[in-house]
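Right, one structure below, let's go through it.
Bear in mind the structure is a predicted one, so any value in this text is a computation, not a measurement.
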Amino acid sequence: MQPGQVRLAVRAAGLNFRDALGALGMYPGGVRIGAEAAGVVMETAPDVTDLVPGDRVFGMVAGSAGPLGTADRRLLAPMPRQWTFAQAAAVPVVYLTAYYGLVDLAGLTSGQSVLVHSAAGGVGTAAVQLARHLGADVYGTASPGKWDALRDLGLADERIASSRTLDFEAAFRAESAEHGGLDVVLNSLAHEYLDASLRLMRPGGRFLEMGKTDVREAEAVRAAHDAEYTAFDLIDAGPDRIAAILAEVLALFDSGALALPPVTAWDVRSAPDALRHLSQARHRGKVVLTVPRPPDPAGTVLITGATGALGGLVARHLVSEHGVRRLLLAGRRGTDAPGMAALVAELTAGGAEVTVARCDVGDRTALGALLAGVPAAHPLTGVVHTAGVLDDGVLPSMTPERMRGVLAPKADAAWLLHELTLDADLALFTLFSSAAGTLGGAGQANYAAANSYLDALAHYRRSLGLPAQSLAWGLWDTPGGMNAHLRNADRTRLTRAGSGTLSAGEGMRLFDAALGLDDAVLVPVKLNTAALAGRGEVPALLRGLVRERAAAPPRPASGTAARRDGEPGFARRLAEAGPAERARLVLDLVCEHAAAVLGHGDAGALPPDEAFKELGFDSLTSVELRNRLAKETGLRLPAGLLFDHPTPQALADRLTTLLSANDAPATPDPEAAPTKPQPSGASEIDFESLDAQSLIDLALGGSDDGPGDRSGNGPDF
């Protein structure tokens, strides 16, 4: 390393339009991708004494789009603590270029006028802010879709025009005519747009060319337009002046005169997409590449929900397969959790140092204290958020308390982890979400909402250039996991819906695969595509994964429907039977479908006079049985059917009455609230088919235990 140099581990690198031009071979002399970065000091030359390894810095770093960079110490500055690496990497080139151009080269002062082209871009955003701070009268161009960004920067509508047409010349000539034209133009356009800009200048004005795709001769411009033309690069200022400008710019940020630009962050593995996005001018503010950091063997990894099955599984995997040596395991039960002592012993035997903490991660004070206790010698390097509880029930049963009970440990905790680790140099921020938020889950409105929030948070963190990945898991077969509460009926329903269960080995292989992918949200689930195809109506999100069966012909009226095996339809057989046989057929129908919903193979094993509640029905399975019977009979049945007729015999008696010879087969039940017709082939609980009144009927007709009788203190997930 040369004297005065600093080597840093790059965490983020800013991209500029020059990088896009360079990638296309359109910039004079060529460029190395990336000219600015933010990162962590790894090593310094002996004569650099004011920075040490571990310091967070940002500044001008040539060829910064990679894991390592070397820079002149004068071109670096300590990062403000409240900035992320991506935000810091968005500052150097654009703000220093704007300052050097407007202050050093143009000498812009209060009362003068300046035209900033591409004013919603990186340098443009910086230049508008700086020019307004200097007291100048600012004009700006941008594509019409970005005009709101210019308004947000304080430009009046009469000072805004399109950068895609030449209309700005006439508009701004009229506006600036009183002052004889514009004093300064900061240009990034070319050809006729450049010529139009020159025509707007007053005599003696300063034209600053930074785009450099259509460089003119200064003497020719002076002769034709009586304007001073300068094509420039920031590096022309020299390292000492750049260092001084960087200090002045930081002071303006500290005073509030300047604000950070909007940032669009891309993982460095998606650099071609980022450069394409930049070249098409689809961004506002600044495009930044983030560089994933490798896990620090000396760092600490926090696992929330570590007292649950998945938390323990992840802990073992990180130690045995990823070489993690320091774990902070947080859970509601702490060391009192069943199996925790054995887990700690196993992890310790694997070479890890383990700290177990009783902590409610949805409590800011408690979580803050937990993170503050992480030793400085082993800083936080990773977070895996597996915490959560279940409290299932149908939508009308979702009281504020039940919503809070599920959202707090899952969604609230995730946000707190985000906020309280903003200044941490994390290699890993993984959220254990659920496919319930992506594909929907019967009776899991609160849980689906909590997990959808996690997925959105992962996207939000990525937009800030922060590490994040949300894994929307399907079901696991781990004992004590989130599926521990499932009964045979639930498993049967899920199997029919195409859901399989992941083994511990499969889940951890998917976990590892996800870490190698540049995706904010992934859905690791085990699907039975044959079962999905057999449903007849595949959920929209999954239709690309299965080859659906040929569409069935429209279902005829109940009285003429025929079974697939060629037997007469149920309504026809019922019409041909005598009264006693009719009652038996209906009871058999009820028992057959009740057994299927509960996952029993023998319909005859269901006592016809035993209450549905005692047989194992809850609100969700009751709605499923009602849907099945409505489809089979063609009747419109109320959502609370089983609560009004609480045994198979009572229900069969009611259906027999409705299907008697005195009632047409498709006549609605007079007790039923109107519902939407069920789609042909639907056999699962379909909450979208229930209108508001049906849901209310279901809630009000619930059992003494309420519609959420599977709810309560769910296990740690």
Side-chain angles (χ1 to χ4, degrees), residues 295 299-362 366-367 370-371 374 378 380-390 409-410 413-414 417 428-435 447 450-451 454 469-486 501-515 524-526 713-717:
T300 299
V301 175
L302 166 66
I303 301 177
T304 71
T307 56
L310 293 187
L313 181 62
V314 171
R316 293 183 183 93
H317 186 71
L318 290 177
V319 170
S320 64
E321 300 298 326
H322 292 266
V324 172
R325 288 296 171 259
R326 288 170 180 82
L327 288 173
L328 175 56
L329 307 182
R332 292 174 298 159
R333 292 169 287 181
T335 56
D336 295 333
M340 182 53 70
L343 174 62
V344 172
E346 181 182 345
L347 296 173
T348 303
E353 295 181 16
V354 183
T355 300
V356 181
R358 185 192 299 269
C359 180
D360 177 1
V361 292
L367 182 58
L370 179 70
L371 295 175
V374 176
H378 306 293
L380 192 69
T381 189
V383 172
V384 183
H385 179 44
T386 75
V389 298
L390 291 171
K410 180 66 71 173
L417 287 166
L428 181 70
F429 191 95
T430 300
L431 304 168
F432 271 39
S433 175
S434 169
Y447 195 63
N451 287 288
L454 263 60
Q469 191 170 65
S470 184
L471 302 179
W473 294 102
L475 285 176
W476 295 68
D477 65 4
T478 51
M482 68 170 290
N483 60 340
H485 70 291
L486 295 178
T501 54
L502 293 167
S503 68
E506 289 171 329
M508 288 300 93
R509 286 195 294 274
L510 288 171
F511 176 83
D512 289 343
L515 294 181
V525 299
K526 194 172 188 178
N713 297 320
D716 277 347
F717 169 38

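The shortest heavy-atom contact between Leu454 and Phe432 is CD2-O, 3.6 Å. Summarising the geometry of Ala387 relative to Val361, their closest heavy-atom pair is CB-CG2, 4.1 Å, with the distance given to 0.1 Å. Nearest heavy-atom pair across Leu329 and Ala315 is CD2-CB, 4.2 Å. The two residues Leu370 and Ala357 make their nearest non-hydrogen contact at CD1-CB, 3.5 Å. Of all the heavy atoms in Cys359 and Ala330, the pair that sits closest is CB-CB, 4.4 Å. The two residues Gly507 and Trp473 have their closest heavy-atom pair at O-CH2, 3.2 Å.
Every residue meeting the side chain to side chain contact (heavy atoms under 4.5 Å, CB included) condition with Leu428, not counting sequence neighbours, appears here in chain and number order: Val384, Thr430, Leu515. With sequence neighbours left out, Leu417 forms a side chain to side chain contact (heavy atoms under 4.5 Å, CB included) with Leu302, Thr304, Leu367, Val383, His385, Phe429. Partners of Pro295 by side chain to side chain contact (heavy atoms under 4.5 Å, CB included), not counting sequence neighbours: none found.
Note that OG of Ser433 and CD of Gln469 are 11.5 Å apart. Values are rounded to the nearest 0.5 Å. Rounded to the nearest 0.5 angstrom, Asp477 CG and Leu502 CG are separated by 7.5 Å. Taken from CG in Leu328 to CG in Leu371, the straight-line distance is 7.5 Å, to the nearest 0.5 Å. For the atom pair CZ of Arg326 and NE2 of His378, the computed distance is 3.5 Å after rounding to the nearest 0.5 Å.
Checked against Val319 for a side-chain contact (heavy atoms from CB on, under 4.5 Å), the options Val301, Leu327, Val314 give a single hit: Leu327.
Residue pairs that meet the salt bridge (Lys or Arg N to Asp or Glu O under 4.0 Å) test with at least one member in residues 501-512, sequence neighbours left out, are Glu506-Lys526. The list of salt bridge (Lys or Arg N to Asp or Glu O under 4.0 Å) pairs with a residue in residues 304-315, not counting sequence neighbours, is empty.
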Show me the side-chain donor-acceptor pairs of residues 338-352 shorter than 3.5 Å, one per line, residues at least two apart or across chains.
{"unit_1": "Glu346", "atom_1": "OE1", "unit_2": "Arg316", "atom_2": "NE", "d": "2.9"}
{"unit_1": "Glu346", "atom_1": "OE2", "unit_2": "Arg316", "atom_2": "NE", "d": "3.3"}
{"unit_1": "Thr348", "atom_1": "OG1", "unit_2": "Val344", "atom_2": "O", "d": "2.7"}

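Side-chain contact between Glu353 and Arg325 is absent, with no heavy-atom pair separated by less than 4.5 Å. Between Lys410 and Val389 the shortest side-chain heavy-atom distance does not fall below 4.5 Å.
A donor-acceptor contact shorter than 3.5 Å is absent between the side chain of Thr501 and the backbone of Leu475.
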- Would you please test Leu318 and Phe511 for side-chain contact (heavy atoms from CB on, under 4.5 Å) and show each step? CA-CA 10 Å; Leu318 290 177; Phe511 176 83; 4.2 Å; yes

